[in-house]
Amino acid sequence: QLYTSLHSTKSKNNNIKIDSVICFTFFLLILLSFVAASAVDRNLRHRETGRVRFFSEMEGVIGLVNKIQRACTLLGDYGDDRTLPTLWDALPTIVVLGGQSSGKSSVLESIVGRDFLPRGSGIVTRRPLVLQLYKIEPGQQDYAQFLHTGNKKFLDFAMVRSEIQQETDRVTGKTKQISPLPINLSIYSPNVVNLTLVDLPGLTKVAVEGQPESIVQEIEDMVRSYVEKPNCILLAITPANQDVATSDAIKIAREVDPAGERTIGVLTKLDLMDKGTNALDVLEGRSYRLQHPWVGLVNRSQADINKNLDMVVARRKEREFFATSPEYGHLANRMGSEYLAKLLSKHLESVIKARVPAILSLINTSIDELEAEMSYLGRPVAIDASAQLYAILELCRAFDRIFKEHLEGGRPGGDRIYGVFDYQLPAALRKLPLDHHLAMQNVRKVVSEADGYQPHLIAPEQGYRRLIDGALNYFRGPAEASVDAVHFILKELVKKSIGETQELRRYPTLQAEIASAAIEALERFRSDSKKTVLRMVEMESSYLTVDFFRKLPQDADKGGSPISSSADRYTEGHLRRIGSNISSYVGMVSDTLRNTIPKAVVYCQVREAKRCLLDHFYTQLGKKEGHRLSQLLNEDPVLMERRQKCSRRLELYKSARDEIDSTLWGK
């Protein structure tokens, strides 16, 4: 139109000028059209990219939790062992909660779009089923995989049902018992959303035939172990033809989640309600209000199940029911299994995103704790014989080092040996019955017996010797007692040192062998020590100090003549002087032994214990064959089990940390 208008008004003189304006105008129009089209295209591509990124993020965080859950089950963490850190409890999980015949199985199969769950009377679900759904590209075939069967793909979902039943029986037997060990099932289909659900045994009020009466409480305890966790999302399923006030699922949900923040209510069997009644009070939140809206479902009838009604057809019939229902038509856009699956997937994603920082913090803290405990428990035992011998020698050296620290003052205990020498030995020497031995009556008896038929002329030398020998014989007791006291202390220090050698705690057999070898060595040292101290006593008795007695006549001259006639050799004064002389000599010997017995004991026992306590054990160790070395390194079964559990749990946490890192930083 612009071109025609300009041409109708142009003159011959300005033809060229007008044509230029026309060309320039058309150029501007074309340019503006291109810019506008580009802007629209960018906007469309931006929206499409946003949708792709949102789907990718949703797939990423839910897939992340799925991987961690599989690892938890594989490595033995499903919340039942409270002696170890658990990651299972920290993962956001949707738990399907409901009584028997509430429609739990139908709800799950509607969400999946497949018949795959065992059916029957009584308690059918007897182990938790961790159901992980993965959306795949349109046109690809549905398939399922179990964690316990590795990479095997199940294309026939009747075989999935059979495998669930067989795997349940493998753990629980066919006695209808229950087990907390979960079954992990992954289903890949274009017709699902990315989602993880945990199906639990249905709540019941009575035990069926073949089950103990305790089964009712056992099921409730298992259910509560899941739903009481703050990261658990409750999918509370209640049939519409039952009063919601008596619903098993709502009863527990009300107890563990009174504010209704974690509960999503599902009302099944809406098509089976009596004529003239409806469930609007529940669905619209008037009967029992939750923070999330109630979702109504229409399950397949038993006749539909028997006829193997296709799930696509069942979903279409469900949509038609709500769309054409005069009671529920205004709620049709948020009713049905398809809406429920999308709602759960979106909600689970938001909960996971909110919990990731706390989960990552828990993982890092638990890794530190587990690594510290693994360090305390020590590395697994080597298999090679030479490595085992080296390990045993290192353990022996660790014990020997601690034992020496006790003796040398680095650790308490060695001071008790000094107590033997400073208190026990002197006290024992003071208590010797020398006064009785040197009493006048005994001196008279010994001297007269020593004289025989020929009384002594000057001094009763034989009497002196017999009295001295008898007195010195009393020193044998304190000498041996000192040896035994030190031996007892050394034995106690051996036991204490073994207990304080952290590295040895893992090996009770080696502990016993080291203790036996050390005590055997101490027995040899004690034997040598006793022989030495008794020799010292005997040496004092076998050769008397002559100078001591040579002084006696000189000392006696100063106080009177020591020479006694035949008449006064048994007088009281003479006998008292003999007893006094012997007492002085024995006192001198006592002072000597008080100083020399500790030297002998330390030399023969303490010094040898420090120097070569395990030398004989080392010699025997070098002669042992490989299997005997392995036996010495047999660990405490409890400790081995603990290390294995910690190792598996540590592997789980590190794997989870890597998965989270790759998800967060791989975007």
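The aromatic rings of H148 and F146 sit tilted relative to each other, their planes meeting at an angle between 30° and 60°. Ring geometry for F116 versus F157: interplanar angle over 60°, hence perpendicular rather than tilted (30 to 60°).
Between K496 and E500, at least one side-chain N (NZ, or NE/NH1/NH2) sits under 4.0 Å from a carboxylate O, which counts as a salt bridge. The existence of a salt bridge linking R127 and E167 is confirmed by a sub-4.0 Å separation between a basic side-chain nitrogen and an acidic carboxylate oxygen. A salt bridge between K645 and E373 is absent, with no side-chain N of the basic residue lying under 4.0 Å from a carboxylate O of the acidic one. Look at E538 and R535 and you find no salt bridge, because none of the NZ, NE, NH1 or NH2 atoms lies under 4.0 Å from a carboxylate O.
Around atom CZ of F488, no more than 12 heavy atoms belonging to other residues, nucleotides or ligands sit under 6.0 Å away. Around the NZ atom of K67, the shell of radius 6.0 Å holds no more than 12 heavy atoms that belong to other residues, nucleotides or ligands. Residue-environment remark: CD (Q644) stays at or below the threshold of 12 foreign heavy atoms within 6.0 Å.
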Atom pairs and distances, side-chain donor-acceptor, residues 589-597, under 3.5 Å, sequence neighbours left out:
unit_1, atom_1, unit_2, atom_2, d
T592, OG1, M588, O, 3.1
N595, ND2, D591, O, 3.2
T596, OG1, T592, O, 3.0

Give the table of side-chain donor-acceptor pairs shorter than 3.5 Å for residues 605-614, with sequence neighbours excluded, one pair per line with atom names and distance.
unit_1, atom_1, unit_2, atom_2, d
Q605, OE1, S529, OG, 2.8
Q605, NE2, V483, O, 3.3
E608, OE1, R611, NH2, 2.9
E608, OE2, R611, NE, 3.2
E608, OE2, R611, NH2, 3.2
K610, NZ, E408, OE2, 3.4

Query raised in the report: D400 and K404: salt bridge (Lys or Arg N to Asp or Glu O under 4.0 Å), yes or no, with the steps?
Result: CA-CA 6 Å; D400 196 49; K404 288 177 180 176; 3.3 Å; yes

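The closest donor-acceptor contact from the side chain of T619 to the backbone of D615 lies under 3.5 Å.
E651 meets the salt bridge (charged side-chain N to carboxylate O under 4.0 Å, His left out) test with no other residue; sequence neighbours excluded.
A donor-acceptor contact closer than 3.5 angstrom links the side chains of S630 and Q388. Counted by atom type alone, S345 and N194 present zero donor-acceptor pairs between their side chains at under 3.5 Å.
Partner of Y653 under the side-chain contact (heavy atoms from CB on, under 4.5 Å) criterion, out of D658, I68, T365, L370: L370 alone. For the side-chain contact (heavy atoms from CB on, under 4.5 Å) with L131, the qualifying choice from D199, I187, L195 is I187, the only one to do so.
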